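Single-structure report; data block below.
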Amino acid sequence: MRQIDDNYSPIQLEKDAKSFWEKARIYEKVKKAGEAGKPYYFVDGPPYTTGSIHIGTAWNKVLKDTVVRYRRMQGLNVRDQPGYDMHGLPIEVKVEQNLGIKSKKEIETQGIDKFVSTCRDYAIKFKSKMTEEFKMLGVWLDWENPYLTVEPSYVASVWWTLRQAYDKNLLSTDHRVLPWCPRCETALAEAEIEYWDETDPSIFVKFPVEGEQDTYFLVWTTTPWTIPGNLAAAVHPDFTYAVVAAKRGSSEELLIVLQEKVEDLRKIAGIDEIRIVETAKGSELAGMKYRHPLTDLVPYQQQAKGEHVHSILTADSVTTESTGIVHIAPGHGPEDFDIGKKHGLEAFSPVDEAGNYTADVGERYAGRNVREANPVIMKDLVEHGAMFHEATITHRYGHCWRCKKPIIYRITDQWFLKVTAFKDQIMAANEQVKWFPEWAGSNREKDWIQNARDWCISRQRYWGTPLPVWKCQCGNMRLVASIEELKTAKGYVEGMDVHRPWIDRLTFECDKCKKTMTRVPDVLDVWFDAGVCSWASLAYPATKDEFEKWWPTEWITEAHDQTRGWFYSQLVTGVLAFNRSPYKSVLMHGWALTPAGEAMSKSEGTAVDPVGIVNTLGADSLRLYLLKAIAPWDDLLFQQEGVKAANRTLNILWNVYKFATLYMSIDKFDPAGVRLESIKDDLRPDDRWMLSRVESLKKEVSEAMEVYELHRASRAIEDFVVSDLSRWYVKLVRDRLWKEGEDRDKLAAFKVLHESLLTSITLLAPITPHITEAMHANLNNGKPESVHMLPWPASDAKWIDAKLEEGMGLVREISEMVARVRQEANINLRWPVKRIVIKVQTPEVADALVNLKEALLSQNNIKELQFVPAGEEWDEMVLSVVPNPNAIGKVYRQWASKIAILLKNRPAKAIKAGIDKGEYSLGIEGQLVTIMPNMVSFSSTLPPDVASADFSKGTFYLDLEQTAALEAEGFSREVIRRVQQMRKDMKLDVEEFVKVEIQGGRKAEDFLEPWKDKISRETRARQLQLVDSPKGEYIVEWSIGSEPLVIAVTSLKVKKSLDTLTAVPGITPEKASKLVDGGYASVDSLKAASQEDFALVEGISKVDAKRIHEHFHPQEAPAPAPPPAPSPTPVQQAPAPAVQETSAPAPAQQPAPEPAPVQQAPAPTPPPAAPAPPEPVKVDFLAELKGLDGIDVPTAEKIFAAGFTTPELLKAAHVDELAKAAGISESSASKAVEHYIYEAPRAEGKPKPEIKPAPAVTELERSFSYLVEEEKPESSYKLFTTALEKGMKGYCITRNYPAKIRSKFDLKDTPVIWLSNVGRENAIRPKDLEKLSLALEQFLSQQGGGIVLLDGLEYLITNNNFITVLRLIQSLRDQVAINQSILLMAVNRSTLESHQLNLLEREVDYTITG
RNA sequence: GGGCCCAUAGCUUAGCUUGGUUGGAGCACCCGGCUGAUAACCGGGAGGUCACCGGUCCGAAUCCGGUUGGGCCCA
């Protein structure tokens, strides 16, 4: 197992994982391995190929991918073909936009072939683009073989299905009123209509009652353009209508309306006086006649004949809305059509495809667009005295879901699937489907099916599956059901495109009259295409084997809008063709909405680009977030913050892994070589607890996955990793792993740790496929080749121990409270505490805790554990007697006060013992007095130095008394910590040995003496001395409490030698250490020594010695060349002090950065701008502040109250000033300012600089600033050293240990400033930006300028805040420009927010990507 | 207007099936701590009218009815 040094950097990791999959053909292998399993048919709901993917699409595919991967791990043979819906209006509309085409006519004049070809190209282009994007998400579907709805085999399956309908007499042509898009000039299915608010006229029209004077039916409509088509009016038979006399000014008229609306009428129309003359039931009005108000303008209205023309009809569908009298235009509404049909009214529909009136309507309106004719008709109504009242209304109105234009209803001939004829079968089929969640099927889908109407499947368009129908003049019809059949057509050319317009040219000879049959030009609704995908993708019926093997689909998942879409179209076509649902189970998922809960919209800029997220935080983080954030069936309010949180979780997992591999690799732990069974007896309770958790987790996750509750599954894993593994188990085992030498106890910990990690990554593999792959490769030594080849783990109940889990829960609960008590008492965890006494509620609690005693004590640094049995009090509680003077006084009068004093001085315990028996006797002045229970009471208090707290199953007492021994131990731990800190500052390898010298006061020496061994062991100090003046490579003055302490640490540099030695077979780390101690501390000395020399070292056998020698002197190898001269790196070599106290340059004429382009030219007199009232603006800004991300309401109010009342003021604010003035934290202040700098980019500011690829810049130009974006600062150092070689003076600021950097990049005498909190000469504290900027200023102002490399921006940002650092960079950049110098800044993209990166990029002249 | 779903801290959410001590987390905020997993992590604090109204019940975030608001689907 390899030791992992890298931090979790998802971008690189995921790139590597993907290239591994590709190179090793992992996907193919995993699939192949599954072939033996039971078939599991998954089918992908095909997305339209109309653009890039959005978060919703990403979520959809991640759900699919996760489940598919899970099923594979279960050993199923999963068919995972993705699909694309490439036909249809969605694409036609896009292509029309691209080509600038506005109407069908233009398409036809430019050529259908050209249009269709463009559609195809467009669809293919986006198919490829979307595929790439899905791959970036780590989605494993069979991308090489997607099903495409445009392919001939697919088209043939569609035709075959249609043929089934035809043969079953479920396909018909009909003359009906349908939703119609006047822009696209086609009929629309119900599923293709979107509703949203539209403002329309709302008019009340007077229909004069035949044979009466000034009497009218009052009819209400929002579509004036349908009035010319009016043929009747309808009332509800049961409603009560009123004839009212309405007086406006001097005129009075009689109106017939719904009685309950009379009052409303008065209000809306400004009627002066209104009274009800009489009332009547709707049914009584039936049969009354009226005169059409526009008879003279619409000739048809004069000719219209029929019993019910222009008469009052009754209909139950009439509502109490408005006047309760509905105008009926049978040609303009489906319900009107039905009513008209019932009453023998003609469906007069004088509107053409483009939504213009035809000549039938009469000269007045012919040729006008119907919606645009509204005002004309309204005017005519007014002029005809027929307009009672006009207003506008905002109501939900249908729109074409592709071009977004309002729909109209008109009558046309269309092809229908007679869904209503087999609705019962569809309902029955739906009942066989298992829906997740259950109500999606039993309520939603069911409801939709119940309301379903016949499905109009024909479209008058171009890019779609052609309707395979040929017709003859004689009425004969032919429905082609396969490509084979099509081949018999006249004009068929082998391999021809079966789309329009080519297919239009094919003809058949009529088998009845021998004339030529020609194709009906319509294409099919795309929903029909998608509906048949489960067999069309199997090329059924052209080939049958595949179908028999797979069909029907086991599981599908799509969003809830597919209730009317794909869920439905599949059900209908499935029942049509096979009389069953094509899918067995469905997961209905939600929609991704904006954080405000609105639908994401690209045009409004509220859509989130998943690719951008993948590129900054990684696909795994996005996937984990999408799955864990919410139950799949709820809507997701997408928050980028959530993705970051997921990223943090993965980082924790990675850190546990890093931690584990560190020790496992040192000890060469081989997980495969240790079976759990074989170390069973070495397991501590801690380990058994962890194993129990592992098995419980497997169970929990499997159960959740099985019912597609992916949120529960992922949350359970996350909780396990973060809470159980990272926060607890790792803490428990840390000391065991740190121990040197072989040890079964350590082995047990390794095994359990490994098992926990392994389980985590196995369960996570379907969710986060990349990070788990990377970890698997190392943890399992690449066996099997990929984590995705592992079987799904079964839970082994024998390891589950609920009691133990409960007990550990208590330990953790108590530990938390101990931490709290320590905090209150100001005793940190390094200082041991004498004992804890736990009073338990039940004996079981004590049993549970005593088993976990070690964990409890070690985790809390407590020396001893004691219990107080259930039901008893702790006997060390200090009991005190409280005399009751009243009761005593009554009996003993003058002695009362004396008795009280005596009682207080006696041992309270003895008194209590007596009282408990009934009484207590006391001698006073030779008399014996008896104290009765009513004379005293007792109280118990905590002994000194004891704190207590209650936990859920009892109370504990923490004895905080310090003794010299405890203090010494605490002190030693403080020293250990400091040495460790120094080792880390020096970037020493964990295995490296050191020499430590310490100087402290008398007390320190006394304290440390007994702990020397422990300190040496913990810090890997081969020598540890208490001296007067410590010397060494790295010296730091510390103080512990009030004790000053100087520590010097020197690296012994034997790591290399150790590594070399342990590479020799048979040489354990222990033996290697012995050799090093025996003088072989360098590789050179190893090479120089003989076999015999080695054998002299204690603990080294002759065999070992031989092996070592052979290792360095392979027999057949020629004498090794003399080793290159060892380069003794002068480590402590202090660079020239960065800050010189002399010759500071005169700061007097510092040129102002970026001279402000203020024009003082004689400007034309400004237009007299009306001064805006300031108040509302301010208030708006406060509201805006409150709405900012990361700013809570009180903070916003504080900022505002502090006087930052405009965006400009805030933008210009200094973060620290703002923080101080407003009394808020710096990070809040930074966020506020950041927002405004970012949100309001200076209009006059520089455009975003050019981004150059890495190797292109070899020559840096003076006076320029560069930002180098790379994961590790390598290119930047390369650029830096190149400049140095050319003789430039350099100045390097880094977060890394300077000596390391200096030798790694061979920086010679270039000053290296260390960003560190260690107080050293050439170090600058990361918070001390002033010192940093001063140092840089001095360097830059030197003669000739130079090059500055700033490596550690992220560190500066985390220690200060972004805006402050940005301002520093701005000033640096300006100075660089003035002083002919160069500024290089290295930054790791993934550590910054994208807008922060933008801001940085904006400040520099060039951005280089490394 | 109808069907379905949703409403819990500033934000995202758990708990609701089966009513029961003090409604849990995460983020953000404030204070503190830890330090060989560490640009990580931990503890504490503050923050809740469980949308609203009514009902059932000894007891309601939870069950029932209604209202309001949001999402999806329809009319």
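The shown structure was predicted, so the numbers you read here are calculated from the model rather than taken from an experiment. Lettering of chains follows the sequences in order, A, B, ..., and the numbering in each one begins at 1. In what follows, every heavy atom counts, from backbone to side chain, and hydrogens, waters and symmetry copies are set aside.
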Quick check: A/Trp633 with A/Phe436 (ring centres under 6.0 Å apart)? no
Are A/Trp728 and A/Ser723 linked by a side-chain donor-acceptor pair shorter than 3.5 Å? no
Quote, to the nearest angstrom, the P distance that separates B/C5 from B/G66. 14 Å
Grab the CD-P distance between A/Glu813 and B/U22 for me, whole Å please. 17 Å
Taking any strand in view, what nucleotide pairs with B/A37 in a Watson-Crick or G-U wobble way, both distances under 3.5 Å? none
Quick note, A/Leu662 side chain, CB onward, closest among B/A75, B/C74, B/A37 is B/A37
B/C34 base / A/Arg977 side chain donor-acceptor hit below 3.5 Å: no
If you assign each of A/His711 and A/Thr1019 to its closest nucleotide in RNA chain B, which residue comes earlier from the 5' end? A/His711
What is the distance from CD of A/Gln639 to C1' of B/C27, rounded to the nearest Å? 9 Å
Rounded to the nearest Å, what distance is computed from the CG atom of residue A/Leu653 to the P atom of nucleotide B/C41? 13 Å
Salt bridge flag under 4.0 Å for residues A/Arg812 and A/Asp724: yes
Residue closer to the 5' end of RNA chain B, A/Glu335 versus A/Tyr663 (nearest nucleotide): A/Tyr663
Would you kindly say whether A/Asp635 and A/His560 are connected by a side-chain donor-acceptor distance under 3.5 Å? yes
Which value, in whole Å, describes the distance between the P atoms of nucleotides B/C11 and B/G19? 30 Å
Taking atom P in both B/C41 and B/A46, what distance in whole Å separates the two? 24 Å
Between CH2 of A/Trp728 and P of B/A37 the distance, given in whole Å, is 17 Å
Aromatic ring proximity, centroids under 6.0 angstrom, A/Phe337 and A/Tyr409: no
In whole Å, what separates the P atom of B/A51 from that of B/C57? 23 Å
C1'-based separation of B/U13 from B/G59 [nearest Å]: 27 Å
Would you tell me if any nitrogen or oxygen in the side chain of A/Tyr8 comes within less than 4.0 Å of OP1 or OP2 on B/A40? no
Suppose we call a contact any N or O donor and acceptor under 3.5 Å apart; does that hold for the side chain of A/Arg648 and the base of B/A40? no
For the aromatic rings, using the six-membered ring if either is Trp, is the centroid distance between A/Trp654 and A/Phe659 under 6.0 Å? no
Centroid-centroid distance, A/Trp59 to A/His589, less than 6.0 Å: yes
Tell me what A/Arg734 touches on the nucleic acid: a base, only sugar-phosphate, or nothing, going by heavy atoms under 4.0 Å. base
Roughly how far apart, to the nearest Å, are B/C52 and B/U62 at atom P? 10 Å
Picking from B/U38, B/C73, B/A37, the nucleotide nearest the side-chain atoms of A/Asn655 would be B/A37
A/Asp561 CG - B/C4 P separation (whole Å): 19 Å
Please report the distance, rounded to the nearest Å, between CH2 in A/Trp439 and C1' in B/C16. 16 Å
Looking at A/Arg444, I'd like to know whether one of its side-chain N or O atoms comes within less than 4.0 Å of OP1 or OP2 on B/C72. no
Looking at B/U12, which nucleotide sits across from it as a Watson-Crick or G-U wobble partner, both distances under 3.5 angstrom, or is there none? B/A25
Any idea which of B/A37, B/G71, B/C11 is nearest the A/Asp635 side chain? B/G71
Sugar-phosphate, base or nothing in reach of A/Arg712, heavy atoms under 4.0 Å: sugar-phosphate
What is the nucleic acid contact for A/Glu992, judged by heavy atoms within less than 4.0 Å: base, sugar-phosphate only, or nothing? nothing
Could you give the distance separating B/C50 and B/U22 at their C1' atoms, to the nearest angstrom? 15 Å
Can you check the distance between B/A61 and B/U56, where both ends of the measurement are the P atom (answer in whole Å)? 16 Å
Nearest to the side chain of A/Asp634 - B/C74, B/C5, B/C73? B/C5
Write down the distance between CG (A/Leu637) and C1' (B/U13), rounded to a whole number of angstrom. 11 Å
Nearest-Å distance for atom pair CG/C1', residues A/Leu636 and B/C11: 14 Å
Let's test this: given Watson-Crick or G-U wobble pairing with both distances under 3.5 Å, identify the partner of B/A7. B/U68
